[in-house]
Amino acid sequence: MNNGSVKKKVSPFYWPPTLLCRQLGSVLLMGYLNGWKRFPQWLLHDSLKSMPVSNGALGMGCIGYPGHPVWEVTSSCNLRCIHCHAAGGEADHRELTTDEGKRLIDQIADVGGFRALVYTGGEPLVRKDIFTLLRHSQQVGFANIIATNGTLIDEEMAWKLKDHGVVCNAISLDAADPGIHDYIRNRPGAFELTLRAIEATRKAGILLQINTTAMEYNMSALPELIDFVDAQEASIMLMYQLVAVGRGEKIGTATLKKSANRNLSELIAEKQAQTKTIIEPVAGPQYWPHLLRKKGLDKGAALRIAGHLFHGCAAGRGFLYIKADGDIWPCPFVEIRAGNVREASFREIYEDSVVFQNLRNRESTLKGLCGKCDFRTVCGGCRGRALAYHGDYLAEDPRCFMRETGEMTDIKAKEDQVPNRSGLPSSGTV
């Protein structure tokens, strides 16, 4: 394929129109369940900006909008965040070359349903050929999304990203308190650089998304952070939960327990009622059945209808993760190699591998309590946590609170223990 003659393969976000209807239906249902007061403002001012980002989405899932691949273009990073699932640091000598990357982009474009391509790392902006890759995926027709720590984005960089088809900057921010954010990011001054990136993103007219990882280190700071993110006019906030993989294994005790998982779901629902920013959980698919149960819509026809709009855990079900060396995983937290694009085509791996087939058919493949649960469709449990704690990606989610009866008042002490926080910033908010 010659430069300047790249054939556009990807359908636009508005085609077919049924996709827009499903996306709007998901937002309407979420808004109804949460009593979302600022839905009219979102509809008037943010909906058209958000649609290209949720390109091809069939509904809301546990990692935002299912229907998009995420490519870890490099493991190299300018930070050493304490929780990084990719353990970002030095570049991997096995990273896909520029030509291999272009070939991968073309193969993804050949699979129907994918409209957006997320570039992550490490830190994607340290990869030397990142703009060559962005231009190629732009020409193919993808809406490009950058998942970044934000420290390298100034106004000049933001405008260059926009010119290369970037419709969304997904910037990591773990607290509105500089001390907590800089501690988690393991670099003094990271907070101020992130604020610079947020401002530059707004000025360039790129949709702002904030990615946050909830853990014991910042749980008490999350209410203030959500308010701060809303004030920054972010359109989307993905609220990750820490899963003990990568560098996060070393701080595994900081993962949220059942009661904290429930508290986080309640916090998101409470804040969503007041904010314009859409807040979506990651690695917390219990949020969706939690909302339905509160409204008494967790049985029969109502639950079946909700299953068409809420998709819970998206691992391997429209969502997938491509490692820097070409390995394909169902999710960054499900560290299972389904294949490698140097050995087989992207389509073969995505459509034919056993792991992807099992996850797409989770109504019949899940085990334990998740396999018996009525919420298999709208939730399905976090497959990453199942793998991390049971060694089996199809096992039950050990942090699910939906099967508990009554209020979560007497959780065993071991489950709720707080990790040793020595070395944390003494801001008083941790």
| said: Strictly by salt bridge (charged side-chain N to carboxylate O under 4.0 Å, His left out), give each pair with a member in residues 142-159 just once, sequence neighbours left out. | reply: Glu155-Lys203
| said: Run the ring pair (Phe, Tyr, Trp, His ring centres under 6.0 Å) test against Phe13 and tell me which residues pass, sequence neighbours left out. | reply: none
| Salt-bridged, Lys323 to Glu72, with N to O below 4.0 Å? | yes
| note | Sequence neighbours excluded, the answer for side chain to side chain donor-acceptor pair (under 3.5 Å) partners of Arg342 is Glu100
| message | Can you tell whether the side chains of Arg202 and Glu199 come within less than 4.0 Å, N to carboxylate O? | response | yes
| task | State which residues pass side chain to side chain donor-acceptor pair (under 3.5 Å) with Arg347; sequence neighbours excluded, sorted by chain then number. | result | Glu351
| query | So, are Asp129 and Arg127 salt-bridged, with charged N and O less than 4.0 Å apart? | reply | yes
Using atom types as modelled, flag every donor-acceptor pair under 3.5 Å from a side chain in residues 157-167 to any protein atom, sequence neighbours excluded.
from	atom 1	to	atom 2	distance (Å)
Lys162	NZ	Ala204	O	2.9
Asp163	OD2	Arg135	NH2	2.9
His164	ND1	Lys160	O	2.9
His164	NE2	Arg135	NH2	3.3

| note | d(Leu134 CG, Asn144 CG) to nearest 0.5 Å is 5.0 Å
| message | Applying ring pair (Phe, Tyr, Trp, His ring centres under 6.0 Å), can you list everything that pairs with Phe310, at least two apart in sequence or on another chain? | response | Trp288
| request: Please name all residues satisfying side-chain contact (heavy atoms from CB on, under 4.5 Å) with Asp182, sequence neighbours left out, ordered by chain then number. | output: Ala190, Phe191
| request: Spell out, as yes or no, whether a donor-acceptor pair under 3.5 Å connects the side chain of Ser364 to the backbone of Asn361. | output: yes
| Contacts of Trp329 that satisfy ring pair (Phe, Tyr, Trp, His ring centres under 6.0 Å) - sequence neighbours left out | none
| task | Sequence neighbours left out, what passes side chain to side chain donor-acceptor pair (under 3.5 Å) with Ser345? Give chain and number order. | result | Glu348
| query | Any luck finding a side-chain donor-acceptor pair between Gln286 and Asn261 under 3.5 Å? | reply | yes
| task | With sequence neighbours excluded, give me every side chain to side chain donor-acceptor pair (under 3.5 Å) pair touching residues 112-121. | result | Tyr119-Ser137
| request: Identify whether the distance between the nearest side-chain nitrogen and carboxylate oxygen of Asp106 and Lys7 falls below 4.0 Å. | output: no
| query | Between Tyr389 and Thr255, do the side chains contain an N or O donor and an N or O acceptor separated by less than 3.5 Å? | reply | yes
| task | Please list, chain by chain and in numerical order, all residues satisfying side chain to side chain donor-acceptor pair (under 3.5 Å) with Thr132, sequence neighbours excluded. | result | none
| said: Show every salt bridge (charged side-chain N to carboxylate O under 4.0 Å, His left out) that has at least one partner inside residues 10-25, sequence neighbours left out. | reply: none
| query | Can you list the steps and then say if Arg38 with Asp230 is a salt bridge (charged side-chain N to carboxylate O under 4.0 Å, His left out)? | reply | CA-CA 11 Å; Arg38 295 179 68 184; Asp230 191 48; 2.8 Å; yes
